[in-house]
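Every chain is numbered from 1 and lettered A, B, ... according to where its sequence line falls, protein lines coming before strand lines. These numbers were taken from a predicted model, which means no experiment stands behind them.
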Amino acid sequence: MPELPEVEVIRQSLADSVGRHIVDIEVRESRLRKPVDAMRLRSSIGQQIVGLDRKGKYLIARLSDHRILVLHFGMSGTVRLVKGAWAWDRHDHVQLVLDGDLRWVLNDPRRFGLLWVGSESEAPELSRLGPDALSAEFTAPMLFGATRRSKRAVKNVLLDQRVVAGVGNIYANEALFLAGIRPSRAAHRLSRPAVARLHEALRATLREAIAAGGSSIADFRDGRGRTGYFQLQFRVYDRCGEPCLQCGGTIRRAVHAGRSSFYCPRCQH
DNA sequence: CGCACCCCCTGCCGGC
DNA sequence: TGCCGGCAGGGGGTGC
């Protein structure tokens with residue numbers, strides 16, 4: 001679920017946490033994508049959260065001892081910011097208690113998420129990431145360079161977090177539709193203007209999605225329990241068999257790299 | 001190098 | 001009504 005827009009929406013909803021100290025951490029279920037090291041995690045008790053950042057799909061809490069607390073939400077993860085005591089609910093795995101009687105409750109039914117604390121330089125996941133899709137470093141010329149070097153389908157390039165961080169299946173499909181490019185097009189055959197269109201479409205889609213509170217397909221909610229509504233604006237994602245909003249043709253579904261692609265065969269070439 | 005295919009895990013939906 | 005297969009926003013690994 002959480003791609004860049006959803007993680008950004010979560011980040012914004014947790015803003016009240018900045019400046020607070022971590023006073024306790026309780027781990028009920030450590031079997032996430034990588035086992036949660038409760039002892040290591042609890043070494044951050046007493047630290048102050050001095051900032052809340054995001055890179056790609058990773059949420060990063062900066063601690064006063066200069067370490068970082070890294071969260072990734074996999075397919076089904078969320079974090080709720082609650083006030084007062086909290087009784088463990090189904091699929092709640094970790095509670096992070098802050099001063100001011102606040103707490104983060106990490107819930108992740110599929111347990112593909114990640115929770116880790118350490119120094120930024122030794123965070124293996126972060127070091128492999130390309131520039132964040134909404135950062136100034138992610139430019140059209142940079143994306144053009146990446147497409148030139150790759151014979152893969154352009155959608156697979158967009159999904160490659162080493163090229164650009166934060167794009168997942170929904171927004172890759174949506175951006176390719178806006179740019180009029182088929183997901184299966186060989187990346188290195190795209191023209192410079194086509195890549196520039198794609199770059200612009202991608203950033204516009206991500207910004208629109210953030211403004212809409214993200215996409216709530218099954219049950220995505222932000223830290224305050226609010227749903228997003230960008231799913232109401234999907235132009236192609238999960239619209240197989242439905243009419244193209246631009247030409248009235250029929251949206252098709254195909255599978256690339258094990259993921260569903262949705263596109264309009266008349267509008268995308 | 002790139003992809004097809006597997007894994008991790010739970011939940012939901014459609015077909016029978 | 002109930003069961004079963006397929007599929008789902010993530011990432012990682014293997015072997016061809």
Side-chain angles (χ1 to χ4, degrees), chain A residues 1-10 28-36 54-59 70-79 89-94 106-116 123-130 133 146-176 183-189 202 205-206 209-210 212-222 227-241 253-262:
Chain A
M1 160 202 331
E3 302 183 30
L4 185 155
E6 290 75 31
V7 179
E8 177 61 21
V9 165
I10 290 174
R28 188 173 70 154
E29 173 59 80
S30 59
R31 294 174 301 166
L32 303 190
R33 189 168 99 211
K34 283 181 178 175
V36 175
R54 179 190 57 70
K55 182 160 187 186
K57 303 171 192 174
Y58 290 84
L59 182 68
V70 179
L71 285 90
H72 189 274
F73 300 103
M75 293 277 264
S76 58
T78 53
V79 54
D89 203 352
R90 190 165 163 76
H91 303 309
D92 286 346
H93 305 317
V94 176
L106 276 65
N107 182 287
D108 186 355
R110 293 178 73 176
R111 291 194 270 118
F112 290 166
L114 186 77
L115 181 58
W116 182 86
E125 290 78 12
L126 298 184
S127 65
R128 291 189 218 111
L129 294 181
T147 59
R148 285 284 111 166
R149 289 189 294 274
S150 175
K151 296 183 175 174
R152 306 145 85 189
V154 58
K155 176 157 168 274
N156 293 353
V157 174
L158 294 182
L159 291 178
D160 186 342
Q161 304 298 300
R162 296 168 301 184
V163 173
V164 52
V167 184
N169 204 30
I170 293 177
Y171 301 105
N173 278 298
E174 293 295 308
L176 286 162
S184 57
R185 271 288 290 286
H188 71 295
R189 302 193 59 192
L202 194 52
T205 304
L206 295 170
I210 292 168
S215 300
S216 292
I217 291 184
D219 51 9
F220 169 73
R221 285 163 188 270
D222 73 6
T227 60
Y229 50 90
F230 192 74
Q231 70 280 3
L232 304 176
Q233 300 177 51
F234 287 166
R235 295 165 173 97
V236 287
Y237 184 80
D238 206 22
R239 294 194 62 240
C240 178
R253 173 179 177 272
V255 175
H256 304 117
R259 326 278 308 269
S260 287
S261 293
F262 301 92

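- The side chain of A:Y237 contributes an N or O atom lying less than 4.0 Å from OP1 or OP2 of C:dG9.
- An aromatic stack links A:F112 and the base of B:dC8, using centre distance under 5.5 Å and interplanar angle under 30°.
- Within the 4.0 angstrom heavy-atom criterion, no nucleotide atom of any strand lies near A:D108.
- Note on A:S150: a side-chain N or O is less than 4.0 Å away from OP1 or OP2 of B:dG2.
- Side-chain atoms of A:S215 and A:Y229 form no donor-acceptor pair, as typed in the model, at a separation below 3.5 Å.
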Discussion item. With side-chain contact (heavy atoms from CB on, under 4.5 Å) as the criterion, how do A:V255 and A:S261 come out once you've worked through the C-alpha distance, each side chain's angles and the decisive distance to 0.1 Å?
Written reply: CA-CA 6 Å; A:V255 175; A:S261 293; over 6 Å; no

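- Between A:N156 and the phosphate of B:dC3, there is a side-chain N or O to OP1/OP2 separation shorter than 4.0 Å.
- Between A:R128 and C:dG12 there is a side-chain N or O to OP1 or OP2 distance below 4.0 Å.
- Residues A:S260 and A:Y58 both approach DNA chain C. Their nearest nucleotides, taken by heavy-atom distance, put A:S260 toward the 5′ side.
- When rounded to the nearest whole Å, the span between CZ of A:R33 and C1' of C:dG9 equals 14 Å.
- Considering only side-chain atoms of A:R253, the nucleotide from C:dG12, B:dG11, C:dC7 that sits closest is C:dC7.
- Outside the 6.0 Å centre-distance limit, the rings of A:F220 and A:F230 are not counted as a close aromatic pair.
- Summarising the geometry, the separation between CG on A:L32 and C1' on B:dC9 is reported as 11 Å, rounded to the nearest angstrom.
- Distance check on atom P: B:dC6 versus C:dG5 gives 15 Å, rounded to whole Å.
- A:H256 comes within 4.0 angstrom of nothing in the nucleic acid, heavy atoms only.
- Taking atom CE on A:M75 and atom P on B:dT10, their separation rounds to 14 Å, with Å as the unit.
- Proximity of A:H91 to the phosphate of B:dT10: no side-chain N or O atom is located under 4.0 Å from OP1 or OP2.
- Proximity note for A:R152 (side chain, C-beta onward) versus B:dC9, B:dG11, B:dG2: the nearest is B:dG2.
- Taking atom CZ of A:R90 as the reference point, atom C1' of B:dC12 lies 13 Å away to the nearest angstrom.
- A donor-acceptor contact shorter than 3.5 Å links the side chain of A:H93 to the backbone of A:H91.
- Between A:Y237 and A:F262, the ring planes are perpendicular. Angles over 60° get that label, and only those under 30° would be called parallel.
- As rounded to whole Å, 16 Å separates atom C1' of B:dG2 from atom CZ of A:R149.
- A donor-acceptor contact under 3.5 Å is formed by the side chain of A:R110 with the base of B:dC9.
- Side-chain contact, A:H188 with A:S150: no donor N or O sits under 3.5 Å from an acceptor N or O.
- A:L206 has its CG atom 16 Å from the P atom of C:dG9, to the nearest Å.
- Spacing between atom CD of A:E174 and atom C1' of C:dG9 amounts to 13 Å, rounded to whole angstrom units.
- Under 4.0 angstrom from either OP1 or OP2 of C:dG11 there lies at least one side-chain N or O belonging to A:K57.
- Taking only side-chain nitrogens and oxygens, A:R111 comes nearer than 4.0 Å to OP1 or OP2 of B:dT10.
- Nucleic acid contact class of A:R162 (heavy atoms, under 4.0 Å, all strands): none.
- Atom name P, nucleotides B:dA4 and C:dC7: the rounded distance is 15 Å, in whole Å.
- Rounding to whole angstrom units, CD1 of residue A:I217 and C1' of B:dC12 are separated by 13 Å.
- Remark: C:dC3 base-pairs with B:dG15. Criterion, Watson-Crick or G-U wobble with two distances under 3.5 Å.
- Searching all strands for a Watson-Crick or G-U wobble partner of B:dC9 with both distances below 3.5 Å returns nothing.
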